[in-house]
Amino acid sequence: MKLNKILFRNHYVNLGDAFYVKTAPSPVASPGLIQFNDGLAKELGLSSANLDSADGAALFAGNLIPEGAEPLAMAYAGHQFGHFNPQLGDGRAIHLGEIDNPEGTSFDVQLKGSGRTFYSRGGDGRAALGPVLREYLVSEAMAKLDVPTTRALAVVTTGEDVIRDQLLPGGVITRIATSFVRVGTFQFFSAKGDVEAIQKLTDYVIERNYPFVRHTDNPYAAFLKSVVDSQAALIAKWMQLGFIHGVMNTDNMSIAGETIDYGPCAFMDSYDHDQVFSSIDRNGRYAYSNQPSIGLWNLTRLSESIIPLLADDTEVAVEVAQDILKTYIDTYQDYWLTGMRAKCGLSASTNTPVNDDKELIEELFNSMAENNADFTLTFFHLSKLTAQPSEQDHHIRRLFDNPKQFDDWATKWRKRLSDETQSETDRQVYMRSVNPVYIPRNHQIEAAIRAAEDHNDFSVFHDLLEVLQNPYIEQKGKIRYTLPPEPDEVVKQTFCGT
Ligand code: AMP
Ligand code: MG
């Protein structure tokens, strides 16, 4: 079956060759289509392209370049663990072009693991199958959990091994984003003092991702404010789900406010404020609780890069930037509190002062930390509790090392509920819609990877992926996917896989 035409547009190419290096993917020995995202293909208007085919596999492996695509590797810089590197760029990703969905929204399409580029430095430009499966599972789970994210369209095996600590089977993931421009892309041009390029890049991003700022008094300031807002919203969502990105370098922060560059990311099981999984994050710079402040740190780097656009006078421009950055903490706090209130079934339309709710929520987290309570299950079972203590309490109490501590908190929570105007059923339905029962737990991802890498068995991957399609609904026979790891299943560290 032949591929039907995909209509690519290539606006990024038009920015000029300072922005990228044109690079074709390097073909692989034997493309094997492991996973094709039918649902996403439909959303993108690609259903009629015959992608779920041998030609599709060839395309997703980089062996066949679709008509109209102009493959390139994007240039960017970035602060990695606080240290500036002026020259990073897509070392193992290749940008095929943009496509429009039926509603007219543009999406970028990239292959990751598709061979060396100008920016590969010492790397092989390849990806091992494990990290590719991990990105597919976690990014698709995030999408279904209503978290802004890059999406995964397909996974192929390459029929080739990659050399890491050991030989591992290779894979390529096709990922989709509303933008692959990063904070580091702005830094790339800022470090060169190329104001013209910064303006071109900013105009491109505004046109594409923030068109509504064009008609404001100072569109560049409004752009910065919008990015601040979307990052605050994104990080609040991560915090509400116990998600730890793991490598929040500025080159891994999307200008569109989407979760990007899934590497050693992970969801926590039992709650720990300072949880770190990434093996390379030795000082805990990107620990769970540091994510909001790192967001601000990264946004400050973005502001510095666009200072010349904010006002003619540098001092004025710095003031404009500072005033916008100052809003981040309150904006983040608002998103956090709104989301956490919803998770606890507390609506805003009561007489209870906001700060009392905040205190109550923080008390719950402190108690969860002291008692090793599972993050996801705590909120899931909380959603089922009634206004009066009942049999049902048993499920949540047993998550706490000392259930008495939960009881103490629950007494205060129930007292607060008596101030609610919504009915118990409404509250429970609402809570269930924001407190998932399934998240991609580390040990389950690991099991899926082990089966695939060690036994060429993708059934574990497919089963897990299936469950994650409906994270808020209890599915028959899937209870094991709700469970935290047994002691011998605990995954203490995660790896970049680069
Ligand atoms: P990451 O932290 O995974 O987002 O990657 C940081 C930088 O290293 C980016 O410029 C990547 O393109 C590059 N990189 C990571 N893995 C590889 C690889 N296997 N080959 C070439 N470049 C890589
Ligand atoms: Mg990256």
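Every number for a ligand or one of its atoms is a count from 1 in the order of the listing. One is the number of the first residue; the rest follow in order along the sequence.
Within the 4.5 Å cutoff, the side chain of Thr376 has no heavy atoms near those of the Tyr438 side chain.
Of the candidates Ala128, Gly89, Gly125, Ala75, the one placing a heavy atom closest to atom 9 (C) of ligand 1 is Gly89. Between atom 19 (N) of ligand 1 and the options Asp124, Asp251, Asn252, the minimum heavy-atom separation is to Asp124. Nearest residue to atom 13 (C) of ligand 1 from Arg92, Arg126, Lys112, Arg121 is Arg121 (criterion: closest heavy atom).
Geometry at the Mg ion (ligand 2): OD1/Asn252 and OD2/Asp261 form an angle of 80°, nearest 10 degrees.
The closest approach between a heavy atom of Arg164 and any atom of ligand 1 is below 4.0 Å. Using a 4.0 Å cutoff on heavy atoms, Arg116 does not count as a contact of ligand 1. Within the structure, ligand 1 lacks Gly263 among the residues with a heavy atom less than 4.0 angstrom away.
The only member of Tyr204, Phe212, Tyr210 that meets ring-ring contact (aromatic ring centres under 6.0 Å, His included) when paired with Phe223 is Tyr210.
Side chains of Tyr76 and Asn252: no donor on one and acceptor on the other come within 3.5 Å. Residues Asn298 and Arg182 have side chains that never bring a donor and an acceptor to within less than 3.5 angstrom of each other. Side-chain contact annotation: Tyr119 with Thr23, donor-acceptor N/O pair under 3.5 Å absent. In summary, the side chains of Ser270 and Asp374 do not present any donor paired with an acceptor at a separation below 3.5 Å, with no hydrogens or angles considered.
Near Gly123, meaning under 4.0 Å from any of its heavy atoms, are these atoms of ligand 1: 20 (N), 21 (C). Below 4.0 Å from some heavy atom of Asp90 lie the following atoms of ligand 1, by number and element: 12 (O).
The shortest N or O to N or O distance between Leu88 and ligand 1 is not below 3.5 Å.
With ring centers used as reference points, Tyr136 lies 6.0 Å or more from Phe458.
Neither the backbone nor the side chain of Tyr119 has any atom closer than 4.0 Å to an atom of ligand 1 (non-hydrogen atoms only).
Both cation-pi conditions hold for Lys192 and Phe188: the charged atom is under 6.0 angstrom from the six-membered ring centre and inside a 45 degree cone around its axis.
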